[in-house]
Amino acid sequence: SDCSFLIYLSEVEWFCPPLPWRNHTNTPTQHTQHIKSPKRQVRKLHLNIYDKEILTILIHVGFLTEESGDVFSPKVLKGGPLGEMVQWADILTALHVLGHNLKISMSVKELQGFLGVPPGRGSCPLTGPLPFDLIYTDYHGLQQMKQHMGLSLKKHKCHIRVIDTFGTEPAYNHEEYATLHGYRTNWGYWNLNARQYMTMFPHTPDNSFMGFVSEELNETEKRSIQQNKVNNMAVVYGKEASMWKQGKESFLEILHRYMEVHGTVYYETQRPPEVPAFVKNHGLLPQHELQQLLRKAKLFIGFGFPYEGPAPLEAIANGCIFLQPKFQPPHSSLNHEFFRGKPTSRQVFSQHPYAEQYIGRPHVMTVDYNNSLQFEAAIQEIMRTKVEPYLPYEYTCEGMLERLHAYIQHQDFCVPQPPFIPANFSRLGSASGSRVIGPLFVPLPNSTALGWASNATAPTAWPPLSSLRLLVSQEGQSCVEACQSAGWICEPAHFPFINNKDALRGLEVQCEVVDSEINHILPAFSVMRRECSLQREPLLFSCAGHSPKYRRLCPCRDFLGGQVALCRDCL
Ligand code: UDP
């Protein structure tokens, strides 16, 4: 069946071993270092999957339906994209392992059947209650639900989770704002809470990081890999011939001077002309054989495309060093065809930013491929360097289960959001008199500082407010960057708690006026004009937003080592 086909692609084991707990410690120092998983220590079985509510969940994989044009399935065995398949397979498997009751739909007909809407074309409202606690789908599926549920989609949309590889920033998600301010794309504008979009890598903290699973090795396997590494063997990242086109010859030549070059490029009858004769091309390999190849190879080398796939994590987990190109200028929806029309302004500084920022040296080297000296030096260094197989905890079977379980338990987009400041103009008193030096940090150990403690109606926040670290960005800096530079992560769920005059006062910001507007960079202030603005539209709270004239109020939070989606008190 379709389902077993997807599960076949997955690397999640059907029944994971007992889940040991680890000692989460992270010291806020250098970004690439503190995120790495600390040494694990069995401490406590924290994920008690047998003691929880069993949900009824619909999984509607829109991009695999015939109605969406299904461009992926025919290319599965021909070098086409597989990352999305890997992620869906792992989501299905993880939800199953967590014990939930799943219904899986791969066609509009099945979708209609599960939702109880009459078959046929046109939008028929769903009259009764939604027969599911949660629905996991994608943008194609969302469109199909709109067509077939009509207005009832709006009523039920808080139950929906959208699997969205590259993410959707709030400015693109808010229909009216996107239309008025040039953020309208083919995909966004669904007016969801941005955390309902779930990404493949933790690149946009405005969204929830869903991720996937890569195979984790035991100590014996790790030792055997290290003993059998072939020091001069490289595997090229790129299973489609088009990925080898244009301008790759010069650095392939350099690479070939030092190493035996292997490829896994799909071909039908003969070697693709894009692949040089000296490359030992194995053709597209079944997962298991690819893993064997990676276990022998010392280097896994990227040519700049595909972006942010699972393969580099698999290579690093099998003891390879991943070498990838730096992008200068960065790639984005403004200058690169692949990102054009995607609902994000994110700038991509290398082929695999997660590998660069969250893993880093010695497992990952990011260099300028146009500089042949730098490239050659990197190859020499790789041949000298010994590395251990490494997999960030968040991409292990346990890590994915822990994260998904926490989301299911705690993320509730159906409850009203905490209140935010109304649109009144007002003047701040003398507390605003002192100078702003930044970036500032005001520790907020409990909600008192923000005026929530005495408020009996304050909702239970998740992540809990104990994780909140308030910070002011530099001018032109986003909250993603501001929080990252302090060793934290931006937490959009905390915006409502800092969108008020108390927070400005606490930071000793000089405001002559405090107004409230609809703009995705707010809350923020202009130092020059002494103007402070709060956010009026909660859907536009955005970690990603930035403006050259404004310093932003940023709700950062701590996180567990190796599990950036969760704070220390999150579980
Ligand atoms: N893959 C494979 N055989 C190959 C090349 C890749 O099974 O010869 C698998 C790889 O292990 C990974 C998946 O394809 O799990 C997706 O790989 P990639 O990182 O290239 O991402 P994509 O661009 O396909 O989304």
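Atoms within a ligand are numbered from 1 in the order they appear, just like the ligands themselves. Numbers here simply count residues along the sequence, with the first being 1.
- E268 and Y266 are linked by a side-chain donor-acceptor pair at a separation below 3.5 angstrom, with hydrogens and angles left out of the test.
- A donor atom on one side chain and an acceptor atom on the other are not found under 3.5 Å apart for D368 and Q328.
- Distances between N or O atoms of L285 and those of ligand 1 include at least one value under 3.5 Å.
- Between C543 and C483, the SG-SG separation does not fall below 2.5 Å.
- Within ligand 1, counting atoms from 1 as listed, the ones closer than 4.0 Å to a heavy atom of Q287 are 7 (O), 9 (C), 10 (C), 11 (O), 15 (O).
- For ligand 1, the atoms closer than 4.0 angstrom to any heavy atom of G83 are 16 (C), 21 (O), 22 (P), 24 (O), 25 (O).
- Per-residue contacts place E314 under 4.0 angstrom from the following atoms of ligand 1 (heavy atoms of the residue considered): 10 (C), 11 (O), 12 (C), 15 (O).
- With P343 as the partner, the side chain to side chain contact (heavy atoms under 4.5 Å, CB included) test is satisfied by one option alone out of T185, T204, N186: T185.
- Residues passing the salt bridge (Lys or Arg N to Asp or Glu O under 4.0 Å) test with E66, sequence neighbours excluded: none.
- A donor-acceptor pair shorter than 3.5 Å cannot be found between the side chains of T396 and E216.
- Looking at Q287 and Q291, their side chains do bring a donor and an acceptor atom within 3.5 Å of each other.
- Using a distance-only test at 3.5 Å, with no hydrogens or angles considered, a donor-acceptor pair links the side chain of K342 to the main chain of F338.
- Contact annotation for L284 and ligand 1: heavy atoms of both the backbone and the side chain come within less than 4.0 Å of the ligand.
- Note: no N/O pair closer than 3.5 Å links G309 and ligand 1 by distance alone.
- On a distance-only criterion, P306 and ligand 1 share no N/O pair closer than 3.5 Å.
- Contacts between L290 and ligand 1 below 4.0 angstrom, taking non-hydrogen atoms only, involve the side chain exclusively.
- Close contacts of ligand 1 with V86, meaning ligand atoms under 4.0 Å from a residue heavy atom, involve 15 (O).
- Using a 4.0 Å cut-off to heavy atoms of K239, the atoms of ligand 1 that qualify are 5 (C), 6 (C), 14 (O), 17 (O), 20 (O), 22 (P), 23 (O), 24 (O).
- Considering only residues two or more places apart in sequence or on other chains, R257 meets the salt bridge (Lys or Arg N to Asp or Glu O under 4.0 Å) condition with E376.
- Neither the backbone nor the side chain of H282 comes within contact range of ligand 1; no heavy atom lies under 4.0 Å.
- Proximity to P81 (heavy-atom distance under 4.0 Å) selects the following atoms of ligand 1: 24 (O).
- In this structure, Y237 has a heavy atom closer than 4.0 Å to ligand 1.
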